[in-house]
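Counting starts at 1 for both ligands and their atoms, following the listed order. Numbering of residues begins at 1 and proceeds along the displayed sequence.
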Amino acid sequence: MSETRVRFAPSPTGYLHVGGARTALYNWLFARHLGGVFILRIEDTDVDRSKPELTTTILESLEWLGLTWDEGPVYQSQRLERYREMAGNLERLGHAYPCFCTQQELQARRAVAEAERRAWKYDGACRALSTGERERRRAEGRPAAIRFRVPDSGQTSFEDQVFGRIEVDHRDIEDFVLVRSDGHPTYHLGVVADDLDLRVTHVIRGADHISNTPKQILMYQAIEAPVPVFAHLPLILGPDKQRLSKRHGATAVGAYRDQGVLPEALVNFLALLGWTPPGQNEIVPLADMIRDFELTAVSKSNAVFDLEKLAWMNSEYVRNLPVERLLPLVEEELRRAGLWREAFAGDERARFENGARLLQSRARSVQDFSQSGGAFFTEGFAYAPEAEKKFWKDTSLRPLLEALADRLAVTEPFDLAATEKTLRGMAEEKGVKAGLLINATRVALTGQAVAPGLFEVMLALGRGRVVARLHRAAEYLRASRP
Ligand code: GLU
């Protein structure tokens, strides 16, 4: 059997969108499942809208997701000659012809059709020009586009791996442009020439390309080339069932990275936007995805991009990260947030590692380590207003926090059992509920209403910091409630 070859072909006119990332992932999984080749192609022929720096970000986003390619990137902008050559071949074979209609002429005829309520498609005005007439017009220097000659009758059909059989009547396809009158090749020409030259066996792309497929199949047939297998992927909608757009939140892969989403969580989430793995588990390790991925298990129903589900998945991944992956990620996050100190690599390594491990059990995103978890790494943390409101209401707290500081300063040994005994013993002595003191102390030590177990937090911070923070909180209460 011949080798399976697939490609992902983004246009660098924007960042890598989550929909594009899903397309890339499905191609990648398909290739890895079959031991095939995953090719990256950059469709940068739109000179006005393509930007090299966007290509760079697309490559970075793919690498961040781990979607490494085996061949390419192939840049379409470097293959313009090849496209023109292919258009020339199609013309020589009688499958394409020059069209001299100007924009104004086309617009005028279109307006007439619309006024008469006729659906407009190119009316074939230049289809039947004689060879002599064509040559005369060319000799006059009149600019010409090259159009593909769609057969007058019949249908083109294909067996889409996801959507099933699709058939289109040739009467419904216009003679589409291959090369514009300024010499620029169109999308259809570039795609077919490339997929042919790259020996692509399966074209896996978004459902928005379904209507392009019959045109591209006609081109393969015209040059008697083998037609690849097509699989179109369902659209991705927002929770309101409208097509996913910025209105629904971030759409760029890079934005999720900046929000503290792990690449493995995003990959898992994207994989399930249209594909149901056997067993229907939600958390699917990459190796299982590669083992089980099948185009036939992709649904044609639209997929819904559910941010809450992504957040949940991300927290699952963050909480289960192996420590050797966790620590560099937390370091990167602390650097990004300006909280990294060189001591965390030296004298204070244990403090850094303990903080990271303790926070991991509750983290929902990588950002939690610098935000809600900031107090584990810096003294410059603030008290979250909702935590203050909830747990610092009681007016008797200030002297209690001070007394606790004094007792913890001399608690021996400063371990889990002894610190807990000190706190509970003091609560009993003073006739307050231990919970009141635990909650108030948690806010004093972490700034948060929710944090890992209080006595573990104390040990992670160390006696000196615990005592200082209790005094700081008492001072804050004095100043804010005279
Ligand atoms: N460049 C096209 C896009 O970004 C993809 C074309 C294709 O996959 O055939 O939508």
Side-chain angles (χ1 to χ4, degrees), residues 4-31 36-52 54-59 61-62 65 67 69 71-80 82-83 86 148 156 158 160-163 166 176-178 184-220 225-236 243-245 251-253 270 273-274 295 298:
T4 299
R5 295 172 61 85
V6 295
R7 81 318 192 261
F8 174 54
S11 308
T13 54
Y15 297 115
L16 181 64
H17 182 275
V18 285
R22 198 259 327 245
T23 300
L25 173 63
Y26 282 23
N27 275 283
W28 186 90
L29 286 173
F30 185 72
V37 176
F38 175 58
I39 306 165
L40 179 62
R41 178 167 81 222
I42 302 296
E43 303 211 325
D44 56 349
T45 53
D46 185 338
V47 270
D48 298 329
R49 293 173 59 227
S50 299
K51 298 204 174 64
L54 289 172
T55 299
T56 309
T57 9
I58 291 173
L59 301 190
S61 293
L62 288 171
L65 288 168
L67 304 180
W69 49 95
E71 288 181 23
V74 174
Y75 290 89
Q76 285 199 324
S77 56
Q78 292 168 8
R79 290 176 39 83
L80 301 181
R82 165 70 179 119
Y83 305 147
M86 180 156 168
F148 185 83
T156 286
F158 62 101
D160 189 284
Q161 298 293 290
V162 174
F163 283 79
I166 294 180
F176 53 95
V177 174
L178 298 173
H184 228 80
T186 59
Y187 157 73
H188 290 298
L189 181 59
V191 165
V192 173
D194 287 346
D195 286 344
L196 194 68
D197 292 355
L198 295 168
R199 293 173 287 117
V200 167
T201 54
H202 295 73
V203 172
I204 304 169
R205 58 187 176 189
D208 46 337
H209 287 290
I210 289 180
S211 63
N212 294 327
T213 304
K215 296 178 185 170
Q216 294 171 9
I217 291 176
L218 283 170
M219 293 169 68
Y220 285 103
V227 180
V229 173
F230 289 91
H232 290 91
L233 308 178
L235 294 180
I236 302 179
R243 200 156 170 193
L244 188 69
S245 75
T251 55
V253 166
L270 293 174
L273 286 180
L295 284 174
V298 174

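At the top of the distance list for atom 4 (O) of ligand 1, counting protein heavy atoms only, stands Ser11 OG, 3.4 Å. Closest to atom 9 (O) of ligand 1 among all protein heavy atoms lies Arg205 NH1, 2.7 Å. With respect to atom 10 (O) of ligand 1, the closest heavy atom belonging to the protein is His209 NE2, 2.9 Å. In terms of protein heavy-atom proximity, atom 5 (C) of ligand 1 is nearest to Ala9 O, 3.4 Å.
For the pair His184 (side chain) and Thr45 (backbone), a donor-acceptor distance under 3.5 Å is present. Panel note: side chain Arg5, backbone His202; no donor-acceptor pair is recorded below 3.5 Å.
Annotation for ligand 1: atoms under 4.0 Å from non-hydrogen atoms of Glu43 are 1 (N), 2 (C), 5 (C), 6 (C). Each of the atoms 7 (C), 8 (O), 9 (O) of ligand 1 lies under 4.0 Å from some heavy atom of Arg7.
Not a single heavy atom of Phe8 sits less than 4.0 Å from an atom of ligand 1.
The distance criterion of under 3.5 Å between nitrogen or oxygen atoms is not met by Val191 with respect to ligand 1.
Taking the six-membered ring where the residue is Trp, Phe176 and Phe148 present parallel rings, their angle staying beneath 30° rather than reaching 60°.
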CA sep, side-chain torsions, deciding dist, call: Tyr187, His209, side-chain hydrogen bond (donor to acceptor under 3.5 Å, both in side chains): CA-CA 11 Å; Tyr187 157 73; His209 287 290; 3.2 Å; yes
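In this structure, Arg79 fails the cation-pi test against Tyr75, since its NZ or CZ atom is not both closer than 6.0 Å to the six-membered ring centre and inside 45 degrees of the ring normal.
Within the structure, the salt bridge (charged side-chain N to carboxylate O under 4.0 Å, His left out) test picks out the following pairs touching residues 203-219 (sequence neighbours left out): Asp208-Arg243.
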